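Predicted, not measured: the structure shown is a model, and the values here were computed from it. When a ligand or atom number is given, it counts from 1 through the structure's own listing order. Values reported hereafter were calculated over all heavy atoms of this structure, with side chains retained and with hydrogens, waters and symmetry mates removed.
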Amino acid sequence: MSDLVYARVQSHFARLKLNRLPDCLDPIAEEATKRQATYIEFLDHLLSAEIAARLERDIAMKTKLAHFPVIKTLDGFDFAFQPSIDERQIRELATLRFVNHGENLLLLGPPGTGKTHLAIALGMLAISQGVSVYFLTVADLLDIVHRDAKEDRLGHRLQAFCRPKLFILDEMGYFPLDRLAAQFLFQLVSRRYQKTSLIITSNKSYGEWGEIFADQVLASAILDRVLHHSTTINIRGQSYRLREKRQAGIFHDLTLPGKEE
Ligand code: ADP
Ligand code: MG
């Protein structure tokens with residue numbers, strides 16, 4: 001390959017914004033020569049490198065935008081520890097059919113039983129399939145709603161929260177939702193209804209949701225929409241957080257508030 005052609009190929013890469021290829025061209029061309037690859041095989045190898053790099057960039061960007069507090073994976077989840085969880089059901093959810101159909105998922109159970117872990121792990125899987133995800137705790141939702149109301153930005157926020165295909169609302173039940181927050185959540189749930197997915201985690205059963213909301217009517221209107229096309233996973237079991245402490249004999253039979261056993 002003459003220097004002139006080589007320089008032109010590099011400038012084509014730049015014009016076509018094939019940003020991974022300038023670094024890949026030499027090793028892939030050498031490899032193709034060594035293996036006596038066909039032109040098509042060489043091209044396939046080159047384009048695959050660009051696509052892999054773009055996918056990686058997209059995942060990194062979407063992960064940043066999702067605002068996960070930590071990264072968790074399904075592989076890191078010990079199903080043997082939590083026998084009330086049906087692994088097959090989680091694997092079915094991991095196909096993300098529910099996200100593609102705009103359905104919701106509710107993960108209910110006592111603290112430390114892996115609700116947030118599973119929500120984030122499913123969120124990460126969604127991102128790996130190109131789905132936009134946003135993670136928010138109810139405590140942060142309350143802060144945001146009250147700040148935005150003062151700045152007259154609630155409408156704008158609602159629009160922004162309707163955009164991600166999968167919205168994860170974590171820790172429903174630890175803080176009461178006042179009227180403003182409940183109204184905002186109702187609008188969010190109504191706008192997203194049947195179009196985009198919600199994962200909600202809660203330490204409270206549905207019967208107790210009325211206590212979380214200042215307004216019973218809003219609570220049942222929200223639940224009605226959330227539950228219409230949804231799957232509920234009821235986790236009953238021990239806190240994973242306290243497992244090591246229990247193993248060390250510090251706690252024997254710890255009864256936690258909200259524990260459903
Ligand atoms: P919850 O949201 O139900 O309160 P988390 O999902 O935050 O609980 O779990 C608490 C901690 O224990 C996290 O670090 C999580 O990764 C871990 N954990 C919980 N359950 C499991 C499990 N079955 N396998 C592995 N790690 C777990
Ligand atoms: Mg949690």
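The aromatic rings of Tyr134 and Phe167 lie tilted to each other, with the angle between the two planes from 30° to 60°.
In terms of protein heavy-atom proximity, atom 11 (C) of ligand 1 is closest to Arg241 CG, 3.9 Å. Of the protein's non-hydrogen atoms, the one nearest atom 19 (C) of ligand 1 is Tyr240 CB, 3.2 Å. Of the protein's heavy atoms, Lys115 NZ, 2.7 Å lies nearest to atom 3 (O) of ligand 1. For atom 16 (O) of ligand 1, the closest heavy atom belonging to the protein is His117 ND1, 2.6 Å. When hydrogens are left out, the protein atom nearest atom 2 (O) of ligand 1 is Thr116 OG1, 2.7 Å; that is the closest non-hydrogen contact.
Residue Asp78 has at least one heavy-atom neighbour below 4.0 Å for each of these atoms of ligand 1: 22 (C), 23 (N), 24 (N), 25 (C). Close contacts of ligand 1 with Pro111, meaning ligand atoms under 4.0 Å from a residue heavy atom, involve 4 (O). Residue-ligand proximity, Lys72 to ligand 1, at heavy-atom distances under 4.0 Å covers atoms 13 (C), 14 (O), 15 (C), 16 (O).
Residue contact annotation: Gly112 has a non-hydrogen atom under 4.0 Å from ligand 1. Using a 4.0 angstrom heavy-atom cutoff, Thr201 does not count as in contact with ligand 1.
Here Glu30 does not pair with Lys34 in a salt bridge; the nearest charged N to carboxylate O distance is not below 4.0 Å. Using a 4.0 Å cut-off between charged nitrogen and carboxylate oxygen, Glu92 and Arg97 count as a salt-bridge pair. Salt-bridge annotation for Arg147 and Asp143: absent, with no side-chain N of the basic residue lying under 4.0 Å from a carboxylate O of the acidic one.
With a 4.0 Å heavy-atom cut-off, ligand 1 is reached by no atom of Glu171.
In this model, a donor atom of one side chain and an acceptor atom of the other lie less than 3.5 Å apart for Glu208 and Ser205.
For Phe186 and Phe184, the ring centers are positioned 6.0 Å apart or more.
Residue Thr116 counts as close to the Mg ion (ligand 2), with an N, O or S atom under 2.8 Å.
Closest heavy-atom contact between Arg192 and Arg163: NH1-N, 4.4 Å.
Qualifying side-chain contact (heavy atoms from CB on, under 4.5 Å) partners for Ala139, counting only residues two or more places apart in sequence or in other chains: Thr137, Phe175.
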